[in-house]
Amino acid sequence: MLVLYFARSAELAGLRSETVSVPRQITSLQLWEEIVKIHPRLAVIRDQVVFAVQQEYVLLGDQLLVLHPGDEVAIIPPISGG
Amino acid sequence: MLVLYFARSAELAGLRSETVSVPRQITSLQLWEEIVKIHPRLAVIRDQVVFAVQQEYVLLGDQLLVLHPGDEVAIIPPISGG
Amino acid sequence: MDESEDVPKDFIKLKSEKLSVEEVSELVISPYCGAVSLFIGTTRNNFEGKKVIHLEYEAYTSMAETEIKKICRDVRQKWPSVKHVAVHHRLGLVPITEASVIIAVSSPHRVESLEAVRYCINTLKASVPIWKKEIYEDEYSWKENKECFWANSEK
Amino acid sequence: MDESEDVPKDFIKLKSEKLSVEEVSELVISPYCGAVSLFIGTTRNNFEGKKVIHLEYEAYTSMAETEIKKICRDVRQKWPSVKHVAVHHRLGLVPITEASVIIAVSSPHRVESLEAVRYCINTLKASVPIWKKEIYEDEYSWKENKECFWANSEK
C-alpha cells in the first residue's frame with residue numbers, strides 16, 4: 001500500500017511517500033508499529049498522530065484495518081490550517 | 001431653529017429643511033404639534049417618528065427641550081440602514 | 001515589532017460611489033492581526049416575492065457618522081483586542097447585487113473580529129439615521145429595520 | 001425571478017497564488033441574497049512576542065478538498081437558506097499580512113451567513129488536513145490548532 005508522510009512526520013521519516021507491504025488485516029496500532037520499524041524517528045510523535053486510511057481518519061488503536069493493494073494511508077500530525 | 005426632514009417625513013412635508021421659530025423651552029411633544037401645524041400631513045406618522053435634537057435622539061413626549069437659535073432638530077422616521 | 005505604531009483606527013465613510021470589499025479589507029489589515037471578519041449587505045432582487053428594481057439610500061450624514069463612531073467606540077470597549085474597524089455605507093442608488101454596506105474588523109484572533117462585525121451591523125441597523133427606499137416595478141416603499149426601536153408599524 | 005437558476009454552489013480551492021477577497025466575495029454574491037459574510041486568516045508578524053518571518057502551508061490536498069466539501073454540506077444542513085459557500089486556502093509561503101484562508105458565505109439574511117462563516121473556519125481548523133509551519137528568525141515550528149482533537153501536546 002502507499003504511505004504518505006506530511007509535515008513533521010515527513011521530516012522525521014525523511015521522505016514524503018513510499019510503498020509498504022503489510023498483512024492485509026492489521027490493527028491501526030500494529031500498522032503504526034510496522035511503519036516505526038522502518039522509520040524509528042517517528043516514534044517521538046506516537047501520541048500526536050492519526051492515520052488517514054483511504055482519506056478517512058483512523059486513530060492508532062485496536063481498530064482492524066482491511067488493506068487492499070494500492071490503498072492509501074497517510075500519517076497525519078496535528079493539523080494547523082485556516 | 002433649523003428643522004430637517006428625512007425620508008417619508010420629507011415627502012409628507014414636501015421639503016427637506018426650513019427654519020422654524022418656537023419658544024425657547026418646549027416639550028418634544030409640543031414641538032411636534034407646532035411642526036404638524038405647519039405640515040398637517042405629517043400627522044400620519046405621529047407614532048413612528050423620533051426627533052434628533054442636536055444629533056441626539058429624543059422621543060416625542062413631555063421631555064423639556066431648551067432650544068437655542070441655530071439649533072438643529074431633525075424628524076427621524078424609522079431607520080433602515082445596513 | 002513595536003505595536004504602538006500600528007495604532008487602532010476607525011475608517012468611516014458614507015459615499016454614493018460603488019463600495020469595494022478589496023478597499024475596505026485592505027484598510028483594516030494589520031501585521032499584528034491574524035483575523036479579518038467582514039460583512040457585506042447587498043441589494044436583493046425581491047422582497048417577499050415582489051420584484052425589486054433597485055434600492056435608494058438617504059442619510060442624516062453628519063449624525064450617521066457620529067453614531068457609527070459611537071459603535072466603533074463600543075466595539076473597542078467590548079473587545080479590547082480589536083485593531084481596526086471600517087464601516088463604509090453607500091448612499092443614493094444601489095443596484096441589485098451591489099453592496100450598500102461593508103463592515104470589516106481586524107483582531108489578533110478570529111473570535112473577537114467575528115463577534116465585533118456582527119455587533120456592528122446589528123447596532124448600525126438599530127441606531128444609525130440612514131433610510132432605505134425599496135423601488136419595485138410600479139411603486140416603492142420606505143423600509144423599516146426591525147432593530148429600530150421606534151418602528152412600531154406592521155409595514 | 002426564478003430562483004432555481006441560482007443553484008447553491010460550493011467554491012473550494014487550494015492554491016499557492018495570492019488569495020483575493022474580491023474574487024472570493026464575487027463568487028458567492030447572488031441577487032437572491034442580502035448578506036455576504038467573510039473571514040480572512042492572515043499571517044501575523046509575531047507568535048507570543050517572537051518575530052515571525054513568514055508562514056508555510058502544506059496540505060493533503062485531495063483529502064483536504066473532501067473535508068472542506070463535507071463542511072459545506074454540513075453548513076447547508078444547519079442553515080438551509082445559505083446560498084453559496086466559498087473556501088480558498090493558500091499553500092506554500094504566505095508573507096506577513098497576506099491571507100492564508102478566505103471563507104465567504106451568502107444568504108438572504110445576515111444571521112445565517114454570519115453563523116455559517118464562523119462554523120466553517122472553526123470546523124476547518126478541526127478537521128482539514130493542512131499544516132502550518134511558522135518560520136522565525138532562527139528556527140521554525142509546526143503549529144497545532146487547539147481545535148485539532150489529536151493535538152494533545154503542550155506545544
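In what follows, chains are A, B, ... by sequence order, proteins preceding strands, each numbered from 1.
Only the side chain of C/Tyr57 comes within contact range of chain B, with heavy atoms under 4.5 Å apart. Heavy-atom distances place the backbone of C/Ala126, and not its side chain, under 4.5 Å from chain B. In this structure, chain C has a heavy atom under 4.5 Å from the side chain of B/Leu59, while its backbone stays farther away. Residue contact with chain B, scored on non-hydrogen atoms closer than 4.5 Å, is absent for C/Glu147. Looking at C/Phe149, only its side chain comes within 4.5 Å of chain B, counting heavy atoms on both sides.
A donor-acceptor pair under 3.5 Å is formed between the side chain of B/Tyr57 and the backbone N or O of C/Ser127. Of the possible donor and acceptor atoms, one in the side chain of C/Trp150 sits under 3.5 Å from a partner among the backbone N and O of B/Ile76. With hydrogens and angles ignored, the 3.5 Å screen pairs no side-chain donor or acceptor of C/Asn145 with any backbone N or O of B/Pro78. Here the side chain of C/His89 pairs a donor or acceptor atom with the backbone of B/Gly82 at under 3.5 angstrom.
Residues B/Pro77 and C/Trp131 have side chains in contact (heavy-atom distance under 4.5 Å, counting atoms from C-beta outward).
Considering every non-hydrogen atom in both C/Val128 and B/Ile79, the closest pair reads O-CD1, 3.3 Å. Here the shortest heavy-atom pairing between B/Gln48 and C/Glu144 reads NE2-OE2, 2.8 Å.
Taking the charged nitrogens against the carboxylate oxygens, B/Arg16 and C/Glu58 do have a contact shorter than 4.0 Å, which makes a salt bridge.
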- Query: Step by step, would you call C/Lys133 with B/Glu11 a salt bridge (charged side-chain N to carboxylate O under 4.0 Å, His left out)?
  - Reply: CA-CA 12 Å; C/Lys133 190 189 314 192; B/Glu11 284 176 2; 3.7 Å; yes
